[in-house]
Asks: 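Okay, handing you the structure first.
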Amino acid sequence: MIAPNFRTVEAAGPSFVVELSQFTGPLDLLLSLIRDEQVDIYDIPIARIAEQFLARISTLGLDEAADYLEMAARLLRIKAQMLLPRADGEEAWEDPRAELVRRLLEYQQMREVVDLLEHRGEERRHQFARRFVPASVDITPINAPLALALGDLLAAVDRVLRTSKEPTLHEVVPRALDVAGAMTTIRSVIAMRRHCRWSDLVSADAEPWQVLSVLLALLEMAKLGELHIAQRQPFASVEIRRDAVSEAA
Amino acid sequence: MTPLAKLLEAALFAAPRPISLDALAALDAEASPAAVSAALDELREHYDVDGHGVELVEQGGGWQILTRAEFAEAIERAQVAVRPQRLSAAALETLAIVAYRQPIGRAEIEEIRGVAVGSVLKSLHERGLIDIVGRSEGIGRPLLYGTTPQFLEQFALRHLEELPRADELAIALRGAGNATVVPE
C-alpha cells in the first residue's frame, strides 16, 4: 500500500527531503505539517497531509522508520475511510479522524508542558547549589592537639602488635660435636689395646656428628702427642697406636 | 538576624539538597513552625535586600541556598561549577508525560508520544528524574513510573501541584467529538 506512494514521493523532487532527526516522533512531524499547511486541526485534509507525511519519511533509515510507518499506515487507512461513500442523513457516522485529532491534541498539550519544563529547567541550570560531600568517617583535624593517655598509646601499640603477623624465625642449631667425649673413648680403647683401627672407634651406624667428633679427637690427640696415626698405603685402614712419647710420660 | 535565622542559614549552607520545612523545624525543638517560616522570610530578605551572591530558593520540596543566575557564566568560566546537561527533546516529552500522568506505564507513554520510549525511560531513571513507583494491575504487571524530588529540584518546582493543571494549558483538551466534521 505504501510502496507506490514512496515512488510518487521520490518523483516529487528534493524539496521534500527533510531531516527527520529534528522530530521526536510521528505526532511531532504530523503537527509540524499541519502548522506548515495552516490547516484546522479539527478538519485535517487527510489526503494531502498523508501524502506529505509519506514524502518526509521516505528519507528515513529503516531503524527509525517503524514508528513513522505505523502512523503512515494509520493516515492511509483514515484516508480510505474518508473516501467511502455514505448515505445522506446517516446520523451514526463517526469521523475516522476523531481518534487522530484526540491524540494530536493530547500530544500538543504535552508539548506545551515541555516548553514550560524547558523554560524552568533552563533557569535552574544557571543556579548552583553548594556541593557538599558528607565525610564518610569522622576524622579529627591534624592540627588539633593530641589528647591521649600513655595507657591508650600502649594499648594501641599492643593492638597493632597483636594484629601483626608472627615473624618467621629460622633457628640455627649449633652442631653438637662431642670431641671431649670421643677423646675419652679413644683413650680408654688404646689404654687397653696399645693400637687399634679406625673401624674399632667408629661403628658402622655412627651419625655424622659422631664420625666428625672421633676424627677431630684423633687429630687433637695426635697433635698433643698422645697417639700416632698411620696409613700404610692409600685407602688402607688407618692404624692408631699409643705414642711412644706419651707412653714414656 | 535572629539566632533562628542564623541557624537556618548554617543548615541550608551545609546541605547539598533542599531541606524540607519539617527538617528545618527539627533544628530547634523550641521553635514553632510559624517562627521557622518567619526566620526563612528574614533570611530571604537578608539575601535580597543587602545584595548577596546567593539567594534563598524554595523548590524541590524544601529550601535551598543557590548562587544567583547572573553569576552562572563567570562561575562556569572559572571552572568552579558545571551546568547540568540539557535534556533532549525526546527525554523532555517523556518526562512531561510522566509528570502529568504518574503513576504511568511505558505503554501509555508510547501511546501518547507515538514512539518507543524504553531507552529514554532508562536514561531518565539513571539521571534520578524518574523512579519506579509500583506495578500496574494490567497484563504482565508492567512497571509504573513517577517523578522524583530531584525532578522538582532540577526544574525549580516547589511541588508537583505547581505544574499548571491540564485545563489551564493553552490547548485544553476538547473532546474530539466537539469538532465540526467536514468530510473531504
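Letters A, B, ... are given to chains in the order of the sequence lines, protein chains preceding strands, and every chain is numbered from 1.
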Asks: Checking B/V54 against chain A: side chain, backbone, both or neither under 4.5 Å from a heavy atom?
Replies: neither
Asks: Between A/T24 and B/E93, do the side chains contain an N or O donor and an N or O acceptor separated by less than 3.5 Å?
Replies: yes
Asks: Keeping the roles fixed (side chain from B/T67, backbone from A/F128), state whether a donor-acceptor pair exists under 3.5 Å.
Replies: yes
Asks: For B/Y100 and A/Q109, does a side-chain donor sit closer than 3.5 Å to a side-chain acceptor?
Replies: no
Asks: Pick one of side chain, backbone, both or neither for B/Q59, based on which atoms fall under 4.5 Å of a heavy atom in chain A.
Replies: side chain
Asks: So for A/M71, is it side chain, backbone, both, or neither that comes closer than 4.5 Å to the heavy atoms of chain B?
Replies: neither
Asks: Looking at B/E76 and A/R125, is there a salt bridge between them, counting it only when a charged N and a carboxylate O are closer than 4.0 Å?
Replies: no
Asks: Side chain, backbone, both or neither: which part of A/L117 has a heavy atom under 4.5 Å from chain B?
Replies: both
Asks: Quick one: what part of B/L163 sits under 4.5 Å from any heavy atom of chain A, side chain, backbone, both or neither?
Replies: side chain
Asks: Would you call A/E106-B/R101 a salt bridge at under 4.0 Å N-O?
Replies: yes
Asks: Which atoms of B/R68 come close to chain A, meaning under 4.5 Å heavy atom to heavy atom: side chain ones, backbone ones, both, or neither?
Replies: backbone
Asks: Got a salt bridge between B/R86 and A/E118, using NZ or NE/NH1/NH2 to carboxylate O under 4.0 Å?
Replies: no
Asks: Can you tell me which portion of B/L12 sits under 4.5 Å from chain A's heavy atoms? Options are side chain, backbone, both or neither.
Replies: neither
Asks: Does any backbone or side-chain atom of A/E122 lie under 4.5 Å from a heavy atom of chain B? Answer side chain, backbone, both or neither.
Replies: side chain
